[in-house]
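Working notes, beginning with the structure itself.
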Amino acid sequence: MAKIAQQYIDIAKKRNPGEVEFHQTIEEVLTSLEPVLQAHPEYVESGLIERLIEPERQIMFRVAWVDDKGKTQVNRGFRVQFNSALGPYKGGCRFHPSVYLGIIKFLGFEQIFKNSLTGLPIGGGKGGSDFDPKGKSDNEIMRFCQAFMTELSKYIGADTDVPAGDIGVGGREIGFMFGQYKRLTNKFEGVLTGKGIGWGGSLARTEATGFGTVYYTREMLKANGKDFKGKTVVVSGAGNVAQYAVVKAQEYGANVVTLSDSKGYVYDANGIDAALWIKIKTANNDARVAEYAAQKPGAKFVPVGEGRIWDVKCDVALPCATQNELLIDDAKKLHANGCIAVAEGANMPCSNEAVTYMIENKMLVGPAKAVNAGGVAVSALEMSQNSQRLEWTFEEVDSKLDAIMTNIFKVSDEAAKAYGMPGNYVAGANIAGFLKVAKAMMAQGIL
Ligand code: NDP
């Protein structure tokens, strides 16, 4: 029973009513920190956990912009600057109609530990808007991004807070936001990451989260005497993370058989043709995976409501779409079908119940804050290149990414063992990520 942690979980729920995703991550992280809190009474005495679960700063603002028909549209913008113990706030921006404060806080809280695990000097933050980029023209996207940045620019900076992309925010949006920041401040600085190559972006940033997901999973499999070769892999999502997870898993000899979006999934027994999907998506950013099935002989589209992607028999599952896409019944199905490992490419794709079930049933579970840390790790490498006014080669960045992901698995594995939970990589990542932040917070006084 998580006796010490429970009181903080209760505080978080009471102070943040209705923010269910935030409650979910608080519960998941704090429960696994119980043995650490028992071993370190000084953290309790200094109110460290109460401080950790309260963002340092939360900004909410109006974003008014004019659509192509001349009509005024009003969205809501967010930036939650959660914790700066380890460095400037760092974390992406999400543009999706489901965005509200609870989603941004869950993502921001996760980001603190994820960034800590990378070993790089970055604090945790997250932002976004309930703006829906789907169906908008490039000009509408530009006007929205400029309006969003006009307010956000007051709170960010290369040494203060460095946003990046997330769902709905890719290279196009980062470009428009960077341009507006430059116009407003008269500074060409590394204030955003995920920039274009040639104007401050890092090679391998586009691939980083998907590649990193597979590097971490490779290490998890290796520690348990297994590898990707010949394994059937189910990947959900079809965006940035999913695309490059498919590419790297295939490089390691896996047969990846699915992709998905919010309308359904495609099953391609012969192996997803990643190049074909990236071509379709590059030609039309709003393209649906159903179009892949229409173009690829032998591939089948299964619409939402007619089957779950997790019903597809596989050895390894990589959920790379969105939060709470893999629930308890899905976990049971994966287990019954012989799946040995699940690694979270997306943020919090598995419910807490599903994670507990999979760990209890001896499946290997790689948690998001470790598995998908490759994106922010390469973002931090982009910041280093910007500060030095240098550009590293693809191979240099990719090899640093591989080393970082390998180390994240190692420190998580060691922390799980040190606190009596060998093989529980979820607890291990939480503990390893937390300890570094806690030490820095203790050293910096009560803030
Ligand atoms: P994208 O916007 O590029 O892609 C998201 C994909 O997930 C789309 O194909 C989308 O489909 C699909 N999706 C969204 N909601 C659902 C749903 N309910 N059911 C099925 N599919 C869905 O985002 P990213 O690839 O960048 O991000 C994916 C996840 O990875 C997110 O959780 C994000 O926070 C996380 N992440 C991303 C990082 C990055 O570097 N990009 C870094 C670390 C984590 P549709 O178009 O139909 O909505």
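Heads up: numbering here begins at 1 and tracks the sequence. Read the numbers this way: they start at 1 and go in the same order the structure lists the ligands and their atoms.
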ask   = Is ligand 1 under 4.0 Å from a heavy atom in the side chain of Ala208, in the backbone, in both, or in neither?
value =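 Ala208 to ligand 1: no contact under 4.0 Å from either part.
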Part of Glu325 with heavy atoms under 4.0 Å of ligand 1, whether side chain, backbone, both or neither =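 For Glu325, no heavy atom sits under 4.0 Å from ligand 1.
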Taking atom types as modelled, is there a side-chain donor on [X] or [Y] under 3.5 Å from an acceptor on the other?
X	Y	value
Tyr89	Gln111	no
Lys134	Asn285	no
Arg205	Thr193	no
Asp398	Tyr215	yes

[X] and [Y] aromatic centres sub-6.0 Å:
X	Y	result
Phe148	Phe95	yes
Phe178	Phe188	yes
Phe22	Phe106	no
Tyr425	Phe409	yes

Identify the closest protein heavy atom to [atom]: which residue and atom is it, and at what distance?
atom	result
atom 25 (O) of ligand 1	Val241 N, 3.0 Å
atom 19 (N) of ligand 1	Ser262 CA, 3.8 Å
atom 47 (O) of ligand 1	Arg288 NH2, 2.3 Å
atom 4 (O) of ligand 1	Gly239 CA, 3.3 Å
atom 34 (O) of ligand 1	Asp166 OD1, 2.6 Å
atom 21 (N) of ligand 1	Asp261 C, 3.2 Å
atom 35 (C) of ligand 1	Asn347 ND2, 3.7 Å
atom 2 (O) of ligand 1	Gly168 N, 3.2 Å

[options]: member with heavy atom nearest to [atom]:
atom	options	result
atom 41 (N) of ligand 1	Ile309, Asn240, Thr322, Asn372	Asn240
atom 28 (C) of ligand 1	Ala321, Gly194, Ala242	Ala321
atom 30 (O) of ligand 1	Ala346, Ala164, Gly374	Ala346

Heteroatom distance test (Ala238, ligand 1): nitrogen or oxygen, under 3.5 angstrom =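 N/O-N/O distance below 3.5 Å exists for this pair.
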query = For Lys114, is at least one N or O under 3.5 Å away from an N or O on ligand 1?
reply =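 So ligand 1 has no N or O lying under 3.5 Å from an N or O of Lys114.
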Atom indices of ligand 1 within 4.0 angstrom of [X] heavy atoms, with elements:
X	answer
Lys134	45 (P), 46 (O), 48 (O)
Arg94	31 (C), 32 (O), 33 (C), 34 (O)
Arg205	40 (O)
Gly345	30 (O)
Thr209	38 (C), 39 (C), 40 (O), 42 (C), 43 (C)

Would a distance-only check, ignoring hydrogens and angles, find a side-chain to backbone donor-acceptor pair under 3.5 Å from [X] to [Y]?
X	Y	result
Asn16	Glu19	no
Glu173	Gly170	yes
Asp330	Trp310	no
Asn361	Met363	no

